[in-house]
Amino acid sequence: MNHLKQIAAKLDEYGLDGMLIMSDPGEYYAIGFHGEGAVVVTKTECRYFTDSRYIEAAEKLVAGAKITMTSASVGQKSLVIQAVEELGVKKLGFEDGYLTVAAFRDYEAALPCQLVPAQKLLNTLRAAKDEEEIALMKKAQEITDAAFDAILKFIQPGMTEQEIAARLQYEMLCRGADKMSFDPIVASGPNGSLPHAIPGERKVQKGDFITMDFGCKYGGYCSDMTRTIALGEPTEEMRKVYDTVLKAQLAGIAKAKAGVPGKEVHMAAAKVIEEAGYGPYFGHGFGHSVGIEIHESPNANGRDETPMPVGAVVSAEPGIYLPGKFGVRIEDVLIYTAEGNVDITKSPKELIIL
């Protein structure tokens, strides 16, 4: 899978003769391969440069590009310069969201063309997933849902957060995951008030809420989900907070549709939490785009006014975090359509009590 044709077709719109892609996610989006290399895309040709560690695999897996191996005498920058000269590139787009200042200055001084910031070109394309990308993300989510079902049978009082996090990773890898989308979050009891808590040595106990935020990569694409469960009977306050978060998530999901700005989706959920009296305890956005990276754009937060495109894949994850007590977050992943959205997360959302 690659998106070279889609990138080439966008060049005129951005006033470019070519696009230089060197980031890991950009490289994977362009040619479907991780090789720590450089991709030069023009309207007529694509060239890919990588080193001896990856050349054999690249020659087997990369389609639609002329592949050249770098060497000690002819490095990546020299091959990019050669491509620019041979292909007549005068304006070369680059990934200003990833290229360091030092690397930019180095290439700017060396290239016989103008370097033009063009992160938006790739971001716009990556925001709308095609059928092949969505199929991979659905598979990643199937693995994640199955891991959640398995972890419910594993958790016992006295286990540490670290043990539960390790088991989640094991369950996903055993089911075919390439690797984790991110380090799993397992936060129990008072640690649950930390949205991005790091699993530690705290032992889960009766009366705890346990929040688990985890996901995996399959075919290079991410899944992401969060569930909060109760270990033993929850208090009335815990039930109220859980119900509020669930109502907020459902309100946001009801608003989620292609053409609707992410800000409006966020506000639909935030309103529910605010009216329940927990407004100060919901500090993050309702969701973020997911794809090759776990955090992409556009976002469903209180600031992003970008209308969601058809094919956007965005998380739905409101939460309430009460310092010193507990926290609750519930997260699904949605595919935005012209009619509304499709929720690809199949794990139950009613409060589970172990």
Side-chain angles (χ1 to χ4, degrees), residues 148 152 155 161 185-200 202 204-214 224-257 260-289 295 298-305 308 314-334 336 340-341 343 345 347-354:
F148 177 67
L152 294 178
I155 295 173
E161 295 168 341
I185 296 167
V186 177
S188 63
N191 291 342
S193 68
L194 306 171
H196 276 191
I198 297 172
R202 185 184 186 277
V204 301
Q205 53 193 282
K206 290 288 186 179
D208 279 351
F209 263 156
I210 305 172
T211 296
M212 295 172 285
D213 187 344
F214 57 104
D224 191 6
M225 71 175 281
T226 306
R227 289 294 184 267
T228 300
I229 64 168
L231 187 58
E233 194 63 29
T235 66
E236 183 177 340
E237 182 184 30
M238 292 166 73
R239 286 184 180 274
K240 180 183 177 184
V241 169
Y242 190 95
D243 290 344
T244 300
V245 172
L246 181 54
K247 288 175 183 176
Q249 194 210 35
L250 294 174
I253 290 174
K255 188 70 175 178
K257 179 180 179 180
V260 175
K263 181 176 181 178
E264 293 185 18
V265 178
H266 170 85
M267 294 308 296
K271 182 181 178 182
V272 174
I273 294 175
E274 183 73 32
E275 290 178 348
Y278 295 106
Y281 306 106
F282 175 35
H284 58 74
F286 178 78
H288 56 85
S289 288
H295 291 107
N299 295 294
N301 60 32
R303 303 173 304 280
D304 201 326
E305 298 183 358
M308 290 291 180
V314 186
S315 68
E317 53 176 305
I320 294 174
Y321 311 94
L322 303 180
K325 292 185 175 181
F326 58 85
V328 174
R329 184 166 64 254
I330 305 169
E331 178 184 19
D332 292 3
V333 169
L334 314 175
Y336 283 53
N341 63 77
D343 190 336
T345 309
S347 295
K349 289 190 282 192
E350 65 271 13
L351 179 57
I352 294 171
I353 302 172
L354 299 183

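As the structure is a computational prediction, the values presented were derived from the model and not from experiment.
Applying the salt bridge (Lys or Arg N to Asp or Glu O under 4.0 Å) test to E161 and every residue at least two apart in sequence or in another chain returns nothing. In this structure, Y336 has no side chain to side chain donor-acceptor pair (under 3.5 Å) partners at least two apart in sequence or on a different chain. Judged as a salt bridge (Lys or Arg N to Asp or Glu O under 4.0 Å), and not counting sequence neighbours, the contacts of E305 are K263. For the side chain to side chain donor-acceptor pair (under 3.5 Å) test, residues two or more places apart in sequence or in another chain that qualify with S347 are D145. Every residue was checked against the side chain to side chain donor-acceptor pair (under 3.5 Å) condition with N341, not counting sequence neighbours, and none meets it. Scored by the side chain to side chain donor-acceptor pair (under 3.5 Å) test, N299 finds no partners at all (sequence neighbours excluded). Annotation: salt bridge (Lys or Arg N to Asp or Glu O under 4.0 Å) contacts of D208 (sequence neighbours excluded): R202. Not counting sequence neighbours, the partners of L354 by the side-chain contact (heavy atoms from CB on, under 4.5 Å) test are L152, I155, I229, L231, I352. Residues passing the ring-ring contact (aromatic ring centres under 6.0 Å, His included) test with H284 are F282, Y321, sequence neighbours excluded. Remark: R329 pairs with D213, E317 by the salt bridge (Lys or Arg N to Asp or Glu O under 4.0 Å) rule, at least two apart or across chains.
Scanning both residues, I273 and P318, for their nearest heavy atoms gives CD1-CB, 4.2 Å. The two residues I253 and A316 make their nearest non-hydrogen contact at CG1-CB, 4.1 Å. Here the shortest heavy-atom pairing between G277 and P280 reads O-CD, 4.4 Å. Nearest heavy atoms, L351 versus A230: CD1-N, 4.2 Å. For the pair A197 and A187, the tightest heavy-atom approach, listed with the atom from each and the gap, is CB-CB, 3.7 Å. The shortest heavy-atom contact between G252 and F286 is CA-CZ, 3.7 Å.
Between T228 and F326 the shortest side-chain heavy-atom distance does not fall below 4.5 Å. In this structure the side chain of L322 reaches within 4.5 angstrom of the side chain of E237, judged on heavy atoms. L250 places a side-chain heavy atom less than 4.5 Å from the side chain of K349. Inter-residue side-chain proximity for T226 and T211 is flagged as met; some heavy-atom pair is nearer than 4.5 Å. Counting heavy atoms from C-beta outward, M308 and V265 have side chains that stay 4.5 Å or more apart. With a 4.5 Å cut-off on side-chain heavy atoms, I210 and S188 count as touching.
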Test log, rule side chain to side chain contact (heavy atoms under 4.5 Å, CB included), inputs M225 and V333: CA-CA 7 Å; M225 71 175 281; V333 169; over 6 Å; no

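To the nearest 0.5 Å, atom OG1 of residue T244 and atom CD1 of residue I320 are 5.0 Å apart.
Legend: salt bridge (Lys or Arg N to Asp or Glu O under 4.0 Å) pairs involving residues 239-248, not counting sequence neighbours, sorted by first then second residue: E233-R239. Pairs passing the salt bridge (Lys or Arg N to Asp or Glu O under 4.0 Å) check and including a residue from residues 248-257, sequence neighbours excluded, read K255-E264.
Using modelled atom types, one side-chain atom of R227 and one backbone atom of P348 make a donor-acceptor pair closer than 3.5 Å. At distances below 3.5 Å, not a single donor-acceptor pair connects side-chain atoms of S193 with backbone N or O atoms of K325.
Within a 6.0 Å radius of CG in L194, more than 12 heavy atoms belonging to other residues, nucleotides or ligands are found.
Aromatic ring orientation, F209 versus Y242: tilted (interplanar angle from 30° to 60°).
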